[in-house]
Asks: 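Before we start, here is the structure in question, set down as structure tokens.
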Amino acid sequence: MTAATGPGRAATARPVPTVGRPTPPGPRPDRTGATETTPAAYVERTGPAEAIRFGALPAPGPTPTEVLVGVEASPVNRVDTFVRSGAFATALTFPFVVGRDLTGTVLRIGAAVTGFTPGDRVWCNSMGHAGRPGAAAGLVAVPADRLYPVPAGVDPLVAVAVAHPAATAYLALVTHARVRPGEVVLVIGAGGNVGSAAVTVARAAGARVVATAHPRDADFCAGLGAEPVVDYRDVDWASKVRRACPSGVDVVVDAAGINDLPTTVGLLAPRGRVLVLAGLGTAPTLPAGELYLRDGAVLGFVISHATVAELADAARAINALLVDGRLRARTVETLPLAAAAEAHRRAEDGLHGVRTLLLPDRT
């Protein structure tokens with residue numbers, strides 16, 4: 001099926017793909033000696049989605065510690081729009097290629113790289129910030145310690161579609177909140193990309209999961225292991241969670257970015273933790289007394305500050321969940337790389353439960 005994306009253009013929307021693996025683009029040596037180029041979506045300054053340009057940029061060559069990847073797909077994340085607009089301050093070099101995630105094939109490795117060989121299928125989720133160029137291009141040179149294998153038998157488009165939401169959920173729950181087996185996790189906004197990944201990660205960690213979501217997402221969330229799933233529109237939703245969890249909840253993940261701390265802190269069990277990982281423009285009131293009387297904590301987390309070791313730990317967990325078939329995206333849509341500006345506008349408008357992948361031209 002197709003989803004309308006503006007006048008004269010459609011995005012291809014589909015369930016999680018199970019198709020074969022098309023051949024990604026390789027280097028195109030120019031027999032005239034001219035500089036090799038790569039198609040790319042880039043900006044020459046921070047600004048609105050309309051600032052994104054599509055065209056040819058000089059192709060990167062891997063340094064001794066990098067791997068040259070022929071990109072098959074690059075997802076568009078909400079955080080990509082924050083970097084592009086300047087809302088998230090980070091070191092950028094212009095022209096700046098947008099995007100942080102990619103999947104593709106290893107084409108060439110740097111002299112000091114081990115563990116990868118040409119032809120390997122790989123993914124990455126930490127380009128496009130902190131001085132690193134982005135992923136929305138046909139060729140990208142990726143630091144080897146930020147690159148991970150696509151497990152055998154796993155479609156690379158599936159892997160890259162879930163990589164960012166799943167890494168966010170894993171690092172928030174496991175690395176920062178230190179969720180333990182038997183604990184109770186409340187996921188607010190469980191029907192979205194990060195929220196649904198949080199349900200999966202928490203269940204895999206042995207936690208019980210309670211969720212809030214729109215009724216249209218209730219069956220999906222329940223299928224991931226959330227019980228009960230409470231309608232977030234219900235003015236009495238917190239009381240329903242409290243009745244379901246009379247001893248309180250150990251971890252709250254607000255994937256919706258509402259950050260209603262007076263309510264969520266009031267739901268905590270002793271030594272409970274509230275994770276704040278979305279809602280850039282929110283400014284909630286902190287009920288300090290109620291928080292410290294519960295020995296509670298409010299933890300801020302952004303994946304952009306994750307260390308290389310933390311990202312690698314998350315990647316191992318993600319790959320294991322992919323192999324088990326427990327980690328999946330609800331809907332994946334594709335757009336040509338030339339439509340990056342349009343994809344960013346769609347991300348800013350909000351795409352519930354949909355992952356948009358930009359595909360470089362392979363002709």
Asks: If you define the side chain from C-beta out and look only at heavy atoms, does anything of V252 sit under 4.5 Å from I188?
Replies: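 Heavy-atom side-chain distance check passes, below 4.5 Å.
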
Asks: Taking the side chain as every heavy atom from C-beta outward, state whether R328 and V158 have any pair of such atoms under 4.5 Å apart.
Replies: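 With C-beta onward as the side chain, the pair stays apart.
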
Asks: Is L68 close to P60 at the side-chain level, that is, under 4.5 Å between some pair of heavy atoms?
Replies: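 Sidechains of L68 and P60: in contact.
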
Asks: Ignoring hydrogens, what is the shortest heavy-atom contact between T263 and A238? Give both atom names and the distance.
Replies: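 Result for this residue pair: CG2-CB, 3.7 Å.
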
Asks: Looking at N77 and V79, would you say the former's side chain and the latter's main chain have a donor-acceptor pair under 3.5 Å?
Replies: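 No, N77 side chain to V79 backbone: no donor-acceptor pair under 3.5 Å.
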
Asks: Can you give me the closest heavy-atom contact between P149 and W123, atom names plus distance?
Replies: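 Here P149 and W123 meet closest at O-NE1, 3.4 Å.
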
Asks: With side chains defined as the heavy atoms from C-beta onward, is the minimum distance between P360 and L337 less than 4.5 Å?
Replies: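 Yes, side chains in contact.
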
Asks: Where the side chain of R203 meets the backbone of A207, is there a donor-acceptor pair that is under 3.5 Å apart?
Replies: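 Yes; judged by distance alone, with no hydrogens or angles, the pair exists.
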
Asks: Is it true that atom CZ of F94 has more than 12 heavy atoms of other residues, nucleotides or ligands lying nearer than 6.0 Å?
Replies: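 Yes, because the 6.0 Å sphere around CZ of F94 holds more than 12 heavy atoms from other groups.
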
Asks: Taking salt bridge (Lys or Arg N to Asp or Glu O under 4.0 Å) as the criterion, tell me which of R273, R208, R271 meets it with E183.
Replies: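 Of all the options given, the one that passes is R273.
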
Asks: Okay, side chain of N259, backbone of A283: is any donor-acceptor separation there less than 3.5 Å?
Replies: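 Looks like no, no N/O pair under 3.5 Å.
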
Asks: Fit a plane to each ring of H176 and F301, take the angle between them on a 0 to 90° scale, and name the class: parallel (under 30°), tilted (30 to 60°) or perpendicular (over 60°).
Replies: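 Rings of H176 and F301: tilted, 30 to 60°.
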
Asks: If only side-chain N and O atoms count, and only distance matters, is there a donor-acceptor pair under 3.5 Å linking R330 with N193?
Replies: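 There is no such pair (donor and acceptor under 3.5 Å, judged by atom type) between the side chains of N193 and R330.
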
Asks: Please tell me if the side chains of L359 and P336 come closer than 4.5 Å, counting only heavy atoms from C-beta onward.
Replies: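 No - every pair of side-chain heavy atoms lies 4.5 Å or more apart.
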
Asks: Nearest 0.5 Å, please: how far is CZ in R346 from CG in L335?
Replies: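 Separation between the atoms: 6.0 Å.
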
Asks: Check for a donor-acceptor pair, side chain of T356 on one end and backbone N or O of E333 on the other, with a separation under 3.5 Å.
Replies: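 Side chain of T356 to backbone of E333, a donor-acceptor pair under 3.5 Å: no, none is there.
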
Asks: I'd like to know if the side chain of S74 and the backbone of L358 have a donor-acceptor N/O pair within less than 3.5 Å.
Replies: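 Side chain of S74 to backbone of L358: no pair is present.
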
Asks: Would you give the length of the straight line joining atom CG of L275 to atom OG1 of T168, rounded to the nearest 0.5 angstrom?
Replies: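 Output value for this atom pair is 11.5 Å.
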
Asks: Check whether any side-chain N or O of R294 sits under 3.5 Å from a backbone N or O of L268 as a donor-acceptor pair, and report yes or no.
Replies: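 Side chain of R294 to backbone of L268: a pair is present.
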
Asks: Between V162 and L322, is there a side-chain heavy-atom distance shorter than 4.5 Å?
Replies: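 Result yes, sub-4.5 Å side-chain heavy-atom pair found.
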
Asks: Just verifying a value: how many Å separate R84 CZ and I52 CD1, rounded to the nearest 0.5 Å?
Replies: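 Going from the CZ atom of R84 to the CD1 atom of I52 covers 5.5 Å.
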
Asks: Please evaluate residues V122 and V67 with respect to the criterion side-chain contact (heavy atoms from CB on, under 4.5 Å), reporting the C-alpha separation (whole Å), side-chain torsions for both, the decisive distance (0.1 Å), and the verdict.
Replies: CA-CA 10 Å; V122 291; V67 175; 6.0 Å; no

Asks: Quick one: does V76's side chain get under 4.5 Å of H344's, heavy atoms only?
Replies: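 V76 reaches H344 side chain to side chain.
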
Asks: Do you know which two heavy atoms are closest between A255 and L277, and how far apart they sit?
Replies: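 In this case the closest contact between A255 and L277 is CA-CD1, 4.1 Å.
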
Asks: Within the distance-only criterion (no hydrogens, no angle test), does the side chain of T37 pair as donor or acceptor with the backbone N or O of L57 below 3.5 angstrom?
Replies: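 No, because the side chain of T37 does not come within donor-acceptor range (under 3.5 Å) of the backbone of L57.
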
Asks: Let's go through S196 and L224 carefully: what are the C-alpha distance in whole Å and the side-chain angles of both, what is the deciding distance for side-chain contact (heavy atoms from CB on, under 4.5 Å) to 0.1 Å, and is it a yes or a no?
Replies: CA-CA 8 Å; S196 59; L224 296 176; 3.6 Å; yes

Asks: With a 4.5 Å cut-off on side-chain heavy atoms, are D236 and R243 touching?
Replies: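 Yes; the side chains approach each other to less than 4.5 Å.
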
Asks: To the nearest 0.5 Å, how far apart are OG1 in T65 and CD1 in I109?
Replies: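 Atom-to-atom, T65:OG1 and I109:CD1 are 12.0 Å apart.
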
Asks: Mark yes or no for whether N125, through its side chain, and D101, through its backbone, hold a donor-acceptor pair below 3.5 Å.
Replies: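 No; zero donor-acceptor contacts below 3.5 Å.
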
Asks: Out of D80, L280, V83, which one pairs with F88 under the side-chain contact (heavy atoms from CB on, under 4.5 Å) rule?
Replies: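 Exactly one pass, corresponding to V83.
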
Asks: Could you check L311 against Y148 for side-chain contact (heavy atoms from CB on, under 4.5 Å), going step by step and ending with a plain yes or no?
Replies: CA-CA 10 Å; L311 289 167; Y148 319 112; 3.4 Å; yes

Asks: Does a donor on one side chain and an acceptor on the other come within less than 3.5 Å for R78 and T81?
Replies: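 Yes, T81 and R78 have a side-chain donor paired with an acceptor closer than 3.5 Å.
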
Asks: For side-chain contact (heavy atoms from CB on, under 4.5 Å), just list the numbers for L157 and E72, CA-CA rounded to whole Å, side-chain angles, deciding distance to a tenth of an Å, and then say yes or no.
Replies: CA-CA 8 Å; L157 298 188; E72 183 175 334; 3.7 Å; yes

Asks: Indicate whether the side chain of S304 and that of R100 have a donor and an acceptor atom separated by less than 3.5 Å.
Replies: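 The criterion, which ignores hydrogens and geometry beyond distance, is satisfied for R100 and S304.
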
Asks: Using a 3.5 Å distance criterion without hydrogens, assess whether the side chain of D231 forms a donor-acceptor pair with backbone atoms of P215.
Replies: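 No.
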
Asks: More than 12 heavy atoms of other residues, nucleotides or ligands under 6.0 Å from CG of D349: yes or no?
Replies: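 Yes, because the 6.0 Å sphere around CG of D349 holds more than 12 heavy atoms from other groups.
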
Asks: Is there a donor-acceptor pair closer than 3.5 Å between any side-chain N or O of D120 and the backbone N or O of T117?
Replies: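 Yes; at least one donor-acceptor contact below 3.5 Å.
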
Asks: Salt bridge between R345 and E50, side-chain N to carboxylate O under 4.0 Å?
Replies: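 Judged by the 4.0 Å cut-off on N to carboxylate O distance, R345 and E50 do form a salt bridge.
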
